[in-house]
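See structure below.
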Amino acid sequence: MRLWRKLTWQELKLFVREPLTVVFAIGFPLVMLFVLAEVFGTAPAQTDPGDPVAFRGVSPLSYYVPAYVALAAAAVGLVMVPAHLAAYRERGVLRRFRAASIPASTVFAAQVAVQYVLAAAGGLLVVVAAYLAYDFPAPEAVLGPLVAFFVTATAFAALGILLGAVVPSPRAAQGFGVMLFFVMMMLSGAGPPVDVMSSTMQSIGKAMPLWHGVVALQDPWLGEGWNWGELAIVAAVAVVAGALAVAAFRRQS
C-alpha cells in the first residue's frame, strides 16, 4: 500500500507537468458546457404533443452537466493515460519497474487512482461552474451519480491502459485517443442531443462506453433512480478492457 501511494503521488506529479493534456482533459468539458448552455439555453424546451421530448424533458443544462461529468472521465482516460503509458513503454520505464520488483498491478492501480483524481477535478469544475454561472440545482440524489462516476472513470482508465499497451508510440496513442474521444462525445449524448441524431447514429453511439456512462450518471442525477443495466455494461467494459490490457503488457514483458 505504501508503494502504491508513493507511485500514485509521483504519477500525479508527472501528469500535471503536461499542461496541454491537463488543460484539454479538464478544461474542454467545461468550455463545451458553456457553449452548449448558451446555444440551447437553460430552460426546458417546449414541445408540441406528439413531438419527441427534447433533453429527456429537463433543461439542457440539467441534461449536459452529468453528461459532461462523464465526459471528464473519458477525456482523462482516452487522451492522457494512453500517451503516458505508451511513453513508458517506448522509454523502457516499465522494464525498470519490473527490474525494481514493482508489480504491474501496482503501476496500473496508480494509473487508475490518478484517473480518479483528475476526472473528479474536471467533473467538479463542471458542476461548480454550472452552479455559479447558472444557479444550477443540486442533483436529485448523490450516491447514485457518485457510484456511476467511479464506475465510468474505472472503465475509461482501463481503456486508456489498453490503448497504451497496444498503440506503438506516444503520439499515435494520443492521436488515436483524441479521435476516439471526439467520436464518442459526438455520438454518446454529450454533444448533439440524442433527439436530433439519426437511428444509425444512435445505434453507433449505443455501441460506445460513453453512451452508457452518460445514461448511468444522468438517471440518478435526474431523479430516475439507479440504472443497473447501464452500470453493468460500463463495469463489463472496465473488466474486459482491464483484462486485455494486463494480457497485452504480459506479452511484451
Find the distance between [atom1] ([X]) and [atom2] ([Y]) and round it off to the nearest 0.5 Å.
X	Y	atom1	atom2	answer
Glu11	Lys6	CD	NZ	13.0 Å
Phe181	Ser188	CZ	OG	10.5 Å
Lys206	Ser199	NZ	OG	9.5 Å
Tyr116	Phe149	OH	CZ	9.0 Å
Met32	Met185	CE	CE	4.5 Å
Gln10	Arg5	CD	CZ	13.5 Å

Considering all heavy atoms of both residues, which atom of [X] and which atom of [Y] are nearest to each other, and what is their separation?
X	Y	value
Ala119	Ala73	CB-CA, 3.7 Å
Ile161	Val112	CD1-CG2, 4.3 Å
Gly123	Ala72	N-CB, 3.7 Å
Ala190	Leu36	O-CD1, 4.0 Å
Leu159	Pro209	CD1-CG, 3.8 Å
Ala121	Ile26	CB-CD1, 4.4 Å

Parallel under 30°, tilted from 30 to 60°, perpendicular over 60°: which one fits the rings of Phe182 and Phe28? perpendicular
In terms of the angle between their ring planes, are Tyr88 and Phe97 parallel, tilted or perpendicular, with boundaries placed at 30° and 60°? perpendicular
Is it true that a side-chain atom of [X] and a backbone atom of [Y] form a donor plus acceptor pair closer than 3.5 Å?
X	Y	value
Tyr63	Gly189	yes
Gln202	Met197	yes
Arg96	Arg91	yes
Gln115	Gly77	yes

Name the residue from Leu217, Leu124, Leu125, Val214 that meets the side-chain contact (heavy atoms from CB on, under 4.5 Å) definition with Val69. Leu217
Could you tell me whether the side chains of Ser62 and Ser59 share a donor-acceptor contact shorter than 3.5 Å? yes
Derivation and outcome, side-chain contact (heavy atoms from CB on, under 4.5 Å), residues Gln218 and Tyr64: CA-CA 9 Å; Gln218 283 178 336; Tyr64 277 120; over 6 Å; no
For the residue pair [X] and [Y], establish whether any side-chain heavy-atom pair is separated by less than 4.5 Å.
X	Y	value
Val81	His84	no
Leu33	Leu61	yes
Val194	Trp211	yes
Phe156	Leu210	yes
Arg89	Phe249	yes
Pro193	Phe40	yes
Phe176	Pro82	no
Tyr68	Leu30	no

If you count the non-hydrogen atoms of other residues, nucleotides and ligands that lie under 6.0 Å from CZ in Phe34, is the total more than 12? yes
State plainly whether one hydrophobic cluster holds both [X] and [Y], where clusters connect Ile, Leu, Val, Met, Phe, Trp and Tyr through side-chain heavy atoms under 4.5 angstrom apart.
X	Y	value
Phe150	Leu78	yes
Val234	Leu163	no
Val93	Val107	yes
Val23	Leu71	no
Val183	Ile204	yes

